[in-house]
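Below is one structure, written out as structure tokens, with a few remarks after it.
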Amino acid sequence: MSAIAIKYNDEIVDLVTAEERGIEGEEIELDNSPESLDVLRHSTAHLMAQAIKSLYPDAEFYVGPTVKEGFYYDFKTESEIGEGDLKKIEKQMLSFAKKKYKIEKYEISMDEAKVKFADDHLKLAVMERIPDDIVSIYKQGEFEDLCRGPHLPSIGLIRYFKLTKIAGAYLGGDSKNEMLTRIYGIAFATKDALKAHMDMLAEAAKRDHRKIGNEMKLFTFREEVGAGFPIWLPAGGRLRARLESLLFKAHRKRGYEPVRGPEMLRSDLWKTSGHYQNYGENMYFTKIDDIEFGVKPMNCVGHIKVYEDELHSYRDLPIKYFEYGVVHRHELTGALHGLFRVREFTQDDAHIFCTVDQIEEQIIEVVDFVDKIMSTFNFEYKMMISTKPEKAVGDAEVWEKSEAALIAAMEAHNLPYTIDEGGGAFYGPKIDIKILDAIGREWQCGTIQLDNNLPARFELEYNGEDNEKIQPVMIHRAILGSFERFIGILTEHYAGEFPMFIAPTQVAIVPVAETHKEYAKLLSDKLIDINADSEIYAKNDSLNKRIRTAEKTRVPMIVVLGDEEIENKTVSIRDRRTREQYTISEEEFLTLIQTKINEVNF
RNA sequence: GCCGACAUAGCUCAGUUGGCUAGAGCAGCUGAUUUGUAAUCAGCAGGCCCGGGGUUCAAAUCCUCGUGUCGGCACCA
């Protein structure tokens, strides 16, 4: 196989450019390496543009870069293009690829380029952003495009690709601008790699929590209830209750006190906190007796009111309040997505009030808490420090100090992190925890936010050693983020095959015949005594059918009870997780279930 | 919010260019059967075809305005 590009001083340079510049370097072949795929996908984007231009001659093109999941091209045409047209475009791409046009390159001045693309207002917009005087043009057959490359030597090399979705996208990523059509695609060097990718997408679709949530009857949404308001069904309710109770204990062990603030508070308080000014458009308000109330979008204000209920001494700090706080945020309709983005959700929220000196240890303690929970669910995770955003309250100095404190805590404990400039909350910088699920997707869940602003705005204080009034630091933190989102992620992570300790039902009991029902009930009661939920499948169906029905609920364990079991005081187990079948004594069985339920080390 | 697609029974889906009483499988109910590890058989019931408005002799089907869902964009305290 011959080279498609070279690597010159860490730069990927295509063959035409290398020849033009008279340089040599390590050869890059057409394979599935990241460098190679990047070139391939970029050229595939051009091939797609070529096909679109031939099918829709009025099309104007903006940019067509490669992204993590392939490539896209943004363009505009008067014709209506829908999902059904993707096949047509693919076909056209293949027919161009068969012609094996060489991809040629030449350079012209910016002024010449502006004349050349004078009738394409999108290309002109692209050129506005390029500072250079000379630009390069890539040409394949009749099609020419302004581009910096690198590209394949020929479009004949493009064989294994697929157009995946069509969508709208704002010009330049700015919602003030016009909207263009965007088509996404993916390309690989080999057929197998393309197939593996498509299989992976199918696997992700199978794990979709909305699909599994419906199948397992965990939760639902209803049009008449309103968009973004989840309804928890019994199975989901049981799962959630288990998670809540495990987490409750974990908080108590770490010295958190359960508290609870009201669902709505007077608007004046949201003005003090700054939420009214910064996020008012996303809050729900109501007016009663001429007093305006805002439904809480966060729990901090309630916890501040708890703090204010008594005077505090430096000896009391840190003070940690936690609450499974229900919050409402009016998300834009287009942002709603299953349990991942909803308008009402419950945060595992806590606020730590501490002294400046305690910041580091408190942050480390929370990070450790996060680690315990994430490892229990077999999640790997990354941490990211987010700094001051555009919309922010408080002065620059406070911000700098807070950001420095977060970085210092991470550095002091050699914890790896990255920085997200401008990603902080409006009242303080934060550490975000991003978890990686079973199929390698990233999710943002927990967050640790350092806040000097709300304590100042609410004039919080404690008495210091010399009886002076000192302002405490407030740390906002959530580990799961919200129960909704986290359960959605868990569902996809486990593909609905939840571990025993959070599964909606621990055991399905299938009595062989009518006469065994009584024993099944006795066993079910014993399971309740060890905090395990079970369900008896005693309907008038065949044994096979009932086992099938039980399997379809994804219950971790099925036990079959018949004459043999009753006689020997045993249970016949069908373990869905290990796919094994075996018989053990009833006593051993109960111990086994108990062990599996306690397999948690929060 | 923006671009595009979609909405038929509890669930998953059929339903031709507008034209008979809107169909199927699963789930549900009633019987028969009493089962040893992934679907026993038969019968019954189940629908304001998302909601308003309109076009038409005639609308699940066409138009329009909502609502909701999906794919992205933008947003995410």
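Naming convention: chains lettered A, B, ... in sequence-line order (proteins, then strands); numbering from 1 in each chain.
- Distance CG (A:Asp541) to C1' (B:A39): 9 Å, rounded to an integer number of Å.
- Whole-Å rounding puts the A:Arg222 CZ to B:A7 C1' distance at 14 Å.
- The gap from the P atom of B:U40 to that of B:C11 amounts to 24 Å, rounded to the nearest Å.
- Taking a centre distance below 5.5 Å and an interplanar angle below 30 degrees as the stacking criterion, A:Tyr279 stacks against the six-membered base ring of B:A77.
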- prompt: Is there a side-chain hydrogen bond (donor to acceptor under 3.5 Å, both in side chains) between A:Glu442 and A:Tyr381 once you walk through the steps?
  reply: CA-CA 8 Å; A:Glu442 252 181 54; A:Tyr381 62 91; over 6 Å; no

message: Assess the residue pair A:Val512 and A:Asp563 against the criterion (side chain to side chain contact (heavy atoms under 4.5 Å, CB included)); give the C-alpha distance rounded to whole Å, side-chain angles, the decisive distance to 0.1 Å, and a yes or no.
response: CA-CA 8 Å; A:Val512 173; A:Asp563 288 337; over 6 Å; no

- request: Taking Watson-Crick and G-U wobble pairs with both distances under 3.5 Å, convert RNA chain B into its dot-bracket string, 5' to 3', dots for unpaired and | for cross-strand pairs.
  value: (((((((..((((.....[...)))).(((((.......))))).....(((((..]....))))))))))))....

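- For the pair A:His337 and B:C76, the criterion of a side-chain N or O lying under 4.0 Å from OP1 or OP2 is not met.
- Rounded to whole angstrom, the span from the OH atom of A:Tyr170 across to the P atom of B:C75 amounts to 9 Å.
- The base of B:C76 lies close enough to the side chain of A:Arg341 for a donor and an acceptor atom to sit less than 3.5 Å apart.
- Within the 4.0 angstrom heavy-atom criterion, no nucleotide atom of any strand lies near A:Lys517.
- Using atom P as the reference point in both B:G51 and B:G68, the two lie 15 Å apart (nearest Å).
- Checking B:A38, B:U69, B:G36 against the side-chain heavy atoms of A:Asp563 singles out B:G36 as nearest.
- Taking 4.0 angstrom as the limit, A:Lys165 places none of its side-chain polar atoms (N or O) nearer than this to OP1 or OP2 of B:G4.
- Aromatic rings from A:Tyr73 and A:Phe61 are positioned such that their centres are separated by under 6.0 Å.
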